[in-house]
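Data block below; observations after.
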Protein chains: 2
Amino acid sequence: MSDLLERLRGRGWRLTSQRRVVAEVLDGEHVHLTADEVHARAVERLPEISRATVYNTLGELVCIGEVLEVATDGRAKRYDPNAHHAHQHLICSGCGAIRDVHPLGDPLAALPEAERFGFTVSGAEITYRGLCPQCSNRP
Amino acid sequence: MSDLLERLRGRGWRLTSQRRVVAEVLDGEHVHLTADEVHARAVERLPEISRATVYNTLGELVCIGEVLEVATDGRAKRYDPNAHHAHQHLICSGCGAIRDVHPLGDPLAALPEAERFGFTVSGAEITYRGLCPQCSNRP
DNA sequence: ATCCTAACTTGGACTTTGTCCAAGTCAACA
DNA sequence: TGTTGACTTGGACAAAGTCCAAGTTAGGAT
C-alpha cells in the first residue's frame, strides 16, 4: 500500500485521517479524478471530511510533486497520482475518457532554440485527442 | 480587414454588430484572450454588448473551427484566433505569458500504435512550460 | 421601402469550481 | 498526560460559465 503516506511522513506532514483518506483515494485507482470526485470518494470513508481539506491536501500534494494537476479542458482540474512516471495523456473527444500514454522521444527536443524566444524551457505536456473504441462505433 | 467576417457570412451567420465586434477583437491582436478580456475589449467599441453574447459567439467560432480554445491552466479558457496555422504554446510559469511556437515534426508520429489503445487519434496539443527572459532574471 | 420572422441579444438568475477565514480540533512531541 | 501549533471545518465569497424568458433586429419576401 501507500508508500505515498511514508513519503509524506518523511516530509514532516502530520498524518491526519483526512490526509490518509485523500492519499488512499488517489493511490487506490490510478485514474484522473476531479477534486469533487476525490471528495466524493473520500466522504465514503470519512463522512465529515470537508471540501476545503480535500482542496488543501490536493494542493499540497501537487506542490511537493506527488500528484500532477492536469488541465485537459476548461472545466475542473484533474489530479494524476502517477507523477513519478513520465507520461502524456490521450483523451476521448466523445466521452472524456483519459488514458496515460508513452510517446517515443523527448518532446522538448522538437523545439528548436530559435523557437524558444529566450525562455528557459523546462517541460512539455502533450494532450492527444481522438475517439475511444466505443465512441468510434457511434456518430 | 476581416476575411473572418466574410467566412462567417459565407456560413449563413447573421452579421450583427456584436459578432462583428467580437471577430474584430480576436482578429485585431493575435494574443490569447480570456472570454472576459474579449468582453472588456468588445465593450470599448459596443458598450451594451453582454457577456452572454460574447460567450455565445466565442463558442460558435470554436465550433466551426475559426478559433481554438486553449486550456492552459485550470482557470479561464483562452481563445486563440490563429486556428488556421498549426502551432503549439509556450507558457511562462512565472507570469503566465503565452507564445505561439512551432516545434519540428509531427507530434502524432511519436505515439506508436501500441500506445493508442484502439483510439482513433486525430490531434495533439503541446504545452511547453518554462520561464520567460524577464522571469528568469528574478527568483 | 416596408414587413415579417427566425435568429440573435440581453440581463439576471443560477451552477460549478475554487478560495478564504475565524473558530474549533487533534497529532505528535515533551 | 498536557500542550501547542498544525490541521480541519463549514460557510461565505469569488470567478468562470450556462441558461432562459423577453425583447430586438438582419435580411429575405412582398
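Every chain is numbered from 1 and lettered A, B, ... according to where its sequence line falls, protein lines coming before strand lines.
If you take CD of E48(A) and P of dC7(D), they are 18 Å apart, rounded to a whole angstrom. Spacing between atom CD1 of I49(B) and atom P of dG23(D) amounts to 21 Å, rounded to whole angstrom units. Taking atom CD of E69(A) as the reference point, atom P of dT17(C) lies 14 Å away to the nearest angstrom. Distance NZ (K77(A)) to P (dA15(D)): 15 Å, rounded to an integer number of Å. Between L46(B) atom CG and dC8(C) atom P the separation is 17 Å, expressed in whole Å. Following rounding to the nearest Å, L15(A) (CG) and dC7(D) (C1') show an atom-to-atom distance of 12 Å. In this entry the distance linking CG of N56(B) with P of dA16(D) reads 18 Å, nearest Å. Taking atom NE2 on H39(A) and atom C1' on dG10(D), their separation rounds to 11 Å, with Å as the unit.
Comparing dG17(D), dA16(D), dT10(C) against the side chain of R75(B) picks out dA16(D) as the nearest.
Judged by atom type and distance alone, R14(A) reaches the base of dA6(D) through a side-chain donor-acceptor pair under 3.5 Å.
Atom NE2 of H84(A) has more than 12 heavy atoms from other residues, nucleotides or ligands within 6.0 Å.
In this model, the phosphate group of dT8(D) is not approached by any side-chain N or O of S50(A) to a distance below 4.0 Å at OP1 or OP2. Residue Q18(B) places no side-chain N or O under 4.0 Å from the OP1 or OP2 atom of dT25(D). Within the 4.0 Å cut-off from OP1 or OP2 of dT19(C), not a single side-chain nitrogen or oxygen of R51(A) is found. Proximity of Y55(A) to the phosphate of dT19(C): no side-chain N or O atom is located under 4.0 Å from OP1 or OP2.
Contact annotation for A76(B): backbone-only contact, meaning every heavy-atom pair under 4.0 Å involves sugar-phosphate atoms and none involves a base. If you check every strand for non-hydrogen atoms under 4.0 Å, T53(A) touches a base.
Closest heavy-atom contact between A76(B) and T34(B): CB-CG2, 3.9 Å.
When the nearest nucleotides of DNA chain D are assigned to Y79(B) and T16(B) by heavy-atom distance, the more 5′-ward of the two goes with Y79(B).
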>> With side chain to side chain contact (heavy atoms under 4.5 Å, CB included) as the criterion, how do L8(B) and L61(B) come out once you've worked through the C-alpha distance, each side chain's angles and the decisive distance to 0.1 Å?
In response: CA-CA 9 Å; L8(B) 298 184; L61(B) 287 167; 3.9 Å; yes
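Note: K77(A) NZ to L68(A) CG = 13.0 Å, rounded to the nearest 0.5 Å.
Using bins of under 30°, 30° to 60° and over 60° for the plane-to-plane angle, the ring pair H32(A)/H87(A) lands in the tilted bin.
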